[in-house]
Amino acid sequence: MKKPLYVLDAFAIIFRSYYAFINNPLRGTDDKNVSAVYGFFSTLYKIFSTYKPEYFAVLLESRTPTFRHEMYEEYKANRARAPEELIEQVPVILEILKALKIPMVQADGYEADDLMGTYARLCEEEGRDCRIISGDKDILQLVSERVHVLKPEKGGLYTDMGPEKVLNTWGLRADQIIDYLSLVGDAADNIPGVKGIGAKGAVKLLNEFDTLEGLYENIDTITAKAQKQNLIDGKENAFFSRQLVIIKQDCPCEEDIEKLAAGEPDYGAAVPILQRIGLKRLAEESAAKAGEEVVVPEEKSAAKAGNYCGVVSAEHLDKWIERAKEAGIFAFDCETDSLDSVSANPVGFSLSVQSEEACYIPVRAPELDCIPEDVIREKLKVILEDENIKIIGQNFKYDMKVLKQWGIYPQGFFFDTMIAAWMIDSSTPSNMDYLAEQYLGYKTVHFADIVEKGKTFDTVPIQKAAHYAAEDADITFRLYEILSVKLKELGMEKIFSQVDMPFVDILSNMELAGIHIDDGELAEYSVELEEKLEALEKEIYYLCGREFNIKSTKQLQEVLFEERKLTPIKKTKTGYSTDTAVLQELAKEDPVPEKILAHRGLAKLKSTYVDALPRYINEDTGKIHTHFIQTGTETGRISSKDPNLQNIPVRDENGRRIRAAFKASPGHVFVSADYSQIELVVLAHLSGDKALTEAFISGEDVHGRTAALIFHVEPEAVTKEQRRIAKVINFGVMYGMSAFRLSNELSIPRGEASSFIKSYFEQYSGIKDFIDKTIEKAEETELAETLFGRIRHIRMINSRNKMEKKAAERIAVNSRIQGTAADIVKMGMIRLAGELKKRQLKSKILLQVHDECILEVPDGEVEIIKPLMKEALEGAAELSVPLRVSVESATSWGEIH
DNA sequence: GCCAGGACGTAC
DNA sequence: GACGTACGTCCTGGCC
């Protein structure tokens with residue numbers, strides 16, 4: 001069998017790459033723009049590593065006007081001439097292509113599209129598959145069983161567009177694309193089309209009449225008057241447009257495909273050119289691909305330590321401050337005497353204004369006179385508090401907290417390498433040691449290697465300290481250079497800079513603020529719980545006839561399933577399960593399980609919350625300062641730890657007493673704002689489902705409306721039971737719940753559960769489509785994307801293991817919903833924080849619990865804050881269904897909800 | 001005595 | 001096997 005031919009439209013990729021970086025171009029030697037070179041060869045390399053083509057050609061545009069220009073002088077007349085910065089890059093690209101020994105084809109008088117058409121035909125004729133790499137919809141007209149288009153997606157992956165895929169995506173056969181374009185036209189190429197006929201209209205017409213000829217032969221059957229007239233008026237334009245959009249298949253060009261044998265590109269030959277123009281990373285990548293025989297002088301240097309110095313005189317410090325000002329950008333890192341940022345004091349700072357160079361400014365060091373603390377503070381302020389000087393950090397929330405407490409309020413923070421790395425791939429670690437290894441191939445000095453156990457950074461000799469600290473700033477700068485490019489490539493520049501970066505400042509303030517808790521109240525509750533637990537233990541031991549550790553599932557299994565001979569219900573990896581569902585079931589035939597359940601519940605409260613929370617009270621502030629981790633989830637949510645304040649009980653009365661111990665400071669109240677059903681609202685928007693949208697717009701009670709729909713009853717006639725079922729399904733859908741699980745959850749037969757789900761998707765067919773489309777897109781791109789462009793890699797989506805695949809599908813669907821909701825909440829909080837600052841209010845944001853945001857508000861501000869919060873959060877995004885936020889206030893957290 | 005992994009349970 | 005996202009606690013068993 002003949003190996004497939006791959007063809008690539010060079011200028012399409014060049015343009016795309018250039019404009020992908022238009023807001024922040026890549027600069028190489030002499031500050032020249034190299035975005036297009038970088039983008040083009042990243043794409044090319046990716047294609048070679050993914051598809052390993054044996055036959056390959058880069059197709060170039062004609063150097064002279066084409067037959068289309070001769071036919072129609074307005075052709076592409078609307079196009080502005082390409083910018084000089086882009087044109088300059090073309091010769092370099094051709095030079096590199098030549099060095100790589102990649103076959104190139106050009107035919108004067110014809111466009112690259114026509115060359116594609118010609119090769120598509122040649123391949124068809126000799127029974128060879130053809131793959132065309134192009135994002136242009138015009139090219140789809142060439143698609144056939146043998147000829148597929150590979151459409152570039154985010155993250156360097158491609159959608160394989162075969163005949164079926166074209167039909168599914170466009171609602172048209174590939175051979176109808178020509179007629180479609182003839183009707184719709186193309187403003188960019190100045191192709192007229194038929195006035196008044198848009199994309200939807202054209203698809204509908206072609207579905208009905210099949211072809212342009214069919215349409216005009218039966219024009220009298222069209223009932224819509226205006227449309228009919230438009231078509232009659234536009235007939236000439238339509239057929240004229242067709243001549244322009246139709247791709248030629250008979251260019252004069254190399255017809256012997258065997259001559260387009262590509263083999264492995266000569267990567268080594270590209271290295272010197274790439275180095276000359278200053279594309280270091282690509283040069284390194286090329287060298288690596290070429291294998292070891294190519295020695296790149298700079299390759300080693302990328303992984304070597306930079307030039308680091310200690311700064312102990314005011315004059316020396318001034319020089320660095322000046323350098324940072326000049327550069328307008330610098331990487332910054334704090335060393336402190338504690339990991340606990342609330343009580344940490346600075347021990348030193350490091351700065352880097354370009355990669356491989358950094359300094360360390362000690363504030364305290366053994367056996368050394370440092371620059372006085374106040375002098376360092378005043379000088380650093382100049383660059384840290386200037387909003388026009390960009391600050392790069394790694395986990396900058398930490399530095400931000402230390403600095404604020406030290407009297408510096410950073411203004412120009414704009415890039416966190418840890419958060420960037422997490423957004424690029426949330427499933428891999430984002431600590432600096434890992435990132436340095438991963439992205440730079442650099443092994444950093446580890447903290448534990450220079451600081452003796454139990455000691456702090458201010459005890460480290462200055463030589464070692466300076467090297468370690470300066471390296472951190474240097475590595476941070478180097479990571480920035482790489483990660484900023486990757487972020488752009490994935491289309492996340494906007495959400496990164498407009499959402500996740502501003503959010504760092506907000507989280508740092510929330511953590512510094514802390515929340516008050518009444519430990520006396522908890523101490524009393526602890527005693528109460530202890531008494532109840534002891535009583536339960538006694539009862540359990542009496543009933544079982546012996547003592548054992550109730551908290552040990554292993555011992556509990558022995559008691560329940562061996563001694564008491566109860567029937568095991570489900571297994572775990574290590575034995576029989578004793579979880580809540582099992583114990584509830586067992587309680588029907590034995591008195592012990594119920595006691596165990598009660599014991600478990602109270603023991604959990606006591607150990608996880610009642611006894612644990614007071615230990616987190618900070619000695620200095622008297623408050624609990626949780627840590628919010630912005631990189632803690634794979635979906636874009638934040639997490640909370642030490643302690644986790646996002647899972648404080650709320651559902652039952654016992655648990656609520658814990659919330660009740662969280663008190664607003666004297667003279668303050670908590671004001672809490674809660675997004676109503678945010679994930680279902682997001683689902684309604686993302687899916688565009690008519691019925692769900694309607695349910696939200698017309699009524700408060702979306703579960704009731706859902707019940708009415710799936711049970712075919714009037715909304716007023718919905719029973720409680722029906723509503724409960726609808727609610728379970730509403731949530732279940734977002735998690736990809738199966739009929740099996742639903743039947744368990746509702747204690748109904750599997751068949752009944754299936755029919756509920758079936759009925760649900762019949763009524764909410766838009767949701768079904770949304771799920772299908774999400775999965776399909778994930779299969780093509782291995783990504784799930786939120787409404788605002790945050791991505792998550794879905795690596796198992798094409799797994800041959802059915803279970804893994806199903807799990808990946810659920811993850812893909814849920815991530816889009818959960819992630820979009822998380823984006824919205826973050827955006828709302830940014831708006832809110834902005835308002836608080838603008839109005840100089842004293843209210844502080846304390847907590848965020850995914851769809852809820854809690855503020856501590858001085859009594860005098862309550863009436864201003866309530867409407868302000870509602871407005872700020874509801875206006876976070878403009879969706880097809882309005883976002884609703886409810887606001888409540890109270891002096892303890894327990895009174896809210 | 002330390003640590004990793006499992007089971008379980010809390011939140012959204 | 002069968003519901004997504006987290007974190008904390010306790011127990012167990014392996015290791016030093």
Side-chain angles (χ1 to χ4, degrees), chain A residues 426-427 548-557 570-583 596-597 599-613 615-616 626-652 654-656 658-659 674-680 683 728-745 750 753-754 757 784 792 794 801-819 821-822 825 847-853 897:
Chain A
S426 55
S427 66
F548 65 100
N549 186 347
I550 299 167
K551 295 187 189 105
S552 160
T553 48
K554 194 162 168 273
Q555 294 181 43
L556 186 58
Q557 283 171 56
K570 63 179 172 186
K571 280 185 180 173
T572 66
K573 275 185 198 169
T574 52
Y576 296 124
S577 171
T578 65
D579 70 14
T580 308
V582 169
L583 293 180
I596 306 282
L597 279 170
H599 186 276
R600 277 235 183 110
L602 299 182
K604 169 86 175 174
L605 282 185
K606 187 167 184 291
S607 68
T608 308
Y609 305 104
V610 179
D611 292 345
L613 289 173
R615 291 199 282 266
Y616 287 100
T626 182
H627 297 83
F628 288 107
I629 307 167
Q630 204 172 338
T631 55
T633 71
E634 295 220 35
T635 54
R637 277 188 179 179
I638 56 171
S639 68
S640 155
K641 68 163 189 173
D642 299 330
N644 181 355
L645 294 186
Q646 289 181 320
N647 72 347
I648 304 299
V650 65
R651 285 168 192 170
D652 67 73
N654 292 327
R656 267 187 161 241
I658 293 158
R659 284 202 177 207
D674 193 308
Y675 280 98
S676 166
Q677 308 286 8
I678 187 164
E679 294 198 346
L680 278 174
L683 177 59
V728 172
I729 303 182
N730 265 336
F731 284 112
V733 164
M734 292 188 292
Y735 302 145
M737 188 194 250
S738 62
F740 171 86
R741 174 71 187 242
L742 184 68
S743 72
N744 267 348
E745 194 89 1
R750 202 105 147 243
S754 290
I757 291 176
R792 175 179 182 181
I794 313 288
N801 177 326
K802 226 177 159 193
M803 226 166 59
E804 278 177 359
K805 163 125 182 74
K806 283 279 168 205
E809 291 177 2
R810 292 194 294 270
I811 290 169
V813 172
N814 180 260
S815 295
R816 292 191 67 193
I817 303 170
Q818 191 184 109
V825 179
L847 300 177
Q848 189 248 52
V849 193
H850 310 309
D851 64 353
E852 181 188 11
C853 178
H897 271 327

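Fair warning: this is a prediction, and the values are worked out from it, not measured in the lab. Labels below follow one simple rule: chain letters A, B, ... track the order of the sequence lines, proteins then strands, and each chain is numbered from 1.
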Restricting to non-hydrogen atoms, name the atom on [X] and the atom on [Y] that form the minimum distance, rounded to 0.1 Å.
| X | Y | value |
| --- | --- | --- |
| A:Arg792 | A:Ser815 | NH1-OG, 2.8 Å |
| A:Arg600 | A:Thr553 | NH2-CG2, 4.1 Å |
| A:Ser754 | A:Ala739 | OG-CB, 3.4 Å |
| A:Ser640 | A:Thr626 | OG-OG1, 2.9 Å |

If you look at every strand shown and take non-hydrogen atoms under 4.0 Å, does [X] touch a base, only sugar-phosphate, or nothing?
| X | answer |
| --- | --- |
| A:Arg792 | sugar-phosphate |
| A:Asp642 | sugar-phosphate |
| A:Gly632 | sugar-phosphate |
| A:Ala612 | sugar-phosphate |
| A:Gln646 | sugar-phosphate |
| A:Met803 | sugar-phosphate |
| A:Glu634 | sugar-phosphate |

Would you tabulate the pairs of protein nitrogen or oxygen atoms and nucleotide nitrogen or oxygen atoms of nucleotides 6-10 of chain B closer than 3.5 angstrom?
from: B:dA7; atom 1: OP1; to: A:Thr572; atom 2: OG1; distance (Å): 3.2
from: B:dA7; atom 1: OP1; to: A:Lys573; atom 2: N; distance (Å): 2.8
from: B:dA7; atom 1: OP1; to: A:Thr574; atom 2: N; distance (Å): 3.2
from: B:dA7; atom 1: OP1; to: A:Thr574; atom 2: OG1; distance (Å): 3.2
from: B:dC8; atom 1: OP1; to: A:Thr578; atom 2: N; distance (Å): 2.7
from: B:dC8; atom 1: OP1; to: A:Thr578; atom 2: OG1; distance (Å): 3.1
from: B:dC8; atom 1: O3'; to: A:Arg600; atom 2: NH1; distance (Å): 3.3
from: B:dG9; atom 1: OP1; to: A:Thr580; atom 2: OG1; distance (Å): 2.9
from: B:dG9; atom 1: OP1; to: A:Arg600; atom 2: NH1; distance (Å): 2.8
from: B:dG9; atom 1: OP2; to: A:Thr580; atom 2: N; distance (Å): 3.1
from: B:dG9; atom 1: OP2; to: A:Thr580; atom 2: OG1; distance (Å): 2.9
from: B:dG9; atom 1: N3; to: A:Lys604; atom 2: NZ; distance (Å): 3.0
from: B:dT10; atom 1: O2; to: A:Asn647; atom 2: ND2; distance (Å): 2.7

Just how far, in rounded Å, is [atom2] of [N] from [atom1] of [X]?
| X | N | atom1 | atom2 | value |
| --- | --- | --- | --- | --- |
| A:Asn744 | C:dG1 | CG | P | 14 Å |
| A:Phe548 | C:dC10 | CZ | C1' | 15 Å |
| A:Lys802 | C:dA2 | NZ | P | 15 Å |
| A:His627 | C:dG8 | NE2 | P | 11 Å |
| A:Phe731 | B:dA11 | CZ | C1' | 13 Å |
| A:Leu680 | B:dC12 | CG | C1' | 13 Å |
| A:Phe628 | C:dT5 | CZ | P | 21 Å |
| A:Ile638 | C:dC7 | CD1 | P | 11 Å |

Closest to side chain of A:Arg810, choosing from C:dA6, B:dC12, C:dA2: C:dA2
Nearest listed nucleotide, side chain of A:Ser738, among C:dA2, C:dT9, C:dT5: C:dA2
side-chain contact (heavy atoms from CB on, under 4.5 Å) assessment of A:Asp579 paired with A:Lys570: CA-CA 9 Å; A:Asp579 70 14; A:Lys570 63 179 172 186; 2.9 Å; yes
Positive for side chain to side chain contact (heavy atoms under 4.5 Å, CB included) with A:Lys805, one of A:Lys802, A:Met803, A:Glu809: A:Glu809
Evaluation steps, side-chain contact (heavy atoms from CB on, under 4.5 Å), between A:Val650 and A:Arg656: CA-CA 5 Å; A:Val650 65; A:Arg656 267 187 161 241; 3.5 Å; yes
A:Lys554 vs C:dG13: side-chain N/O to OP1/OP2 distance below 4.0 Å: yes
Distance below 4.0 Å between A:Gln555 side-chain N/O and C:dT12 OP1 or OP2: yes
Dot-bracket pairing map - DNA chain C, Watson-Crick plus G-U, both contacts under 3.5 Å, | cross-strand: ...||||||||||||.
Separation of the C1' atoms in B:dG5 and C:dA2, to the nearest angstrom: 23 Å
Residues forming a ring-ring contact (aromatic ring centres under 6.0 Å, His included) with A:Tyr735, sequence neighbours excluded: none
Side chain to side chain, A:Tyr609 and A:Asn647, heavy atoms closer than 4.5 Å: yes
Side chains of A:Ile678 and A:His850 in contact at under 4.5 Å (non-hydrogen atoms): no
Derivation of the side-chain contact (heavy atoms from CB on, under 4.5 Å) call for A:Leu613 and A:Leu645: CA-CA 9 Å; A:Leu613 289 173; A:Leu645 294 186; 4.2 Å; yes
Residue met sooner reading DNA chain C from 5', once A:Pro643 and A:Thr635 are mapped to nucleotides: A:Thr635
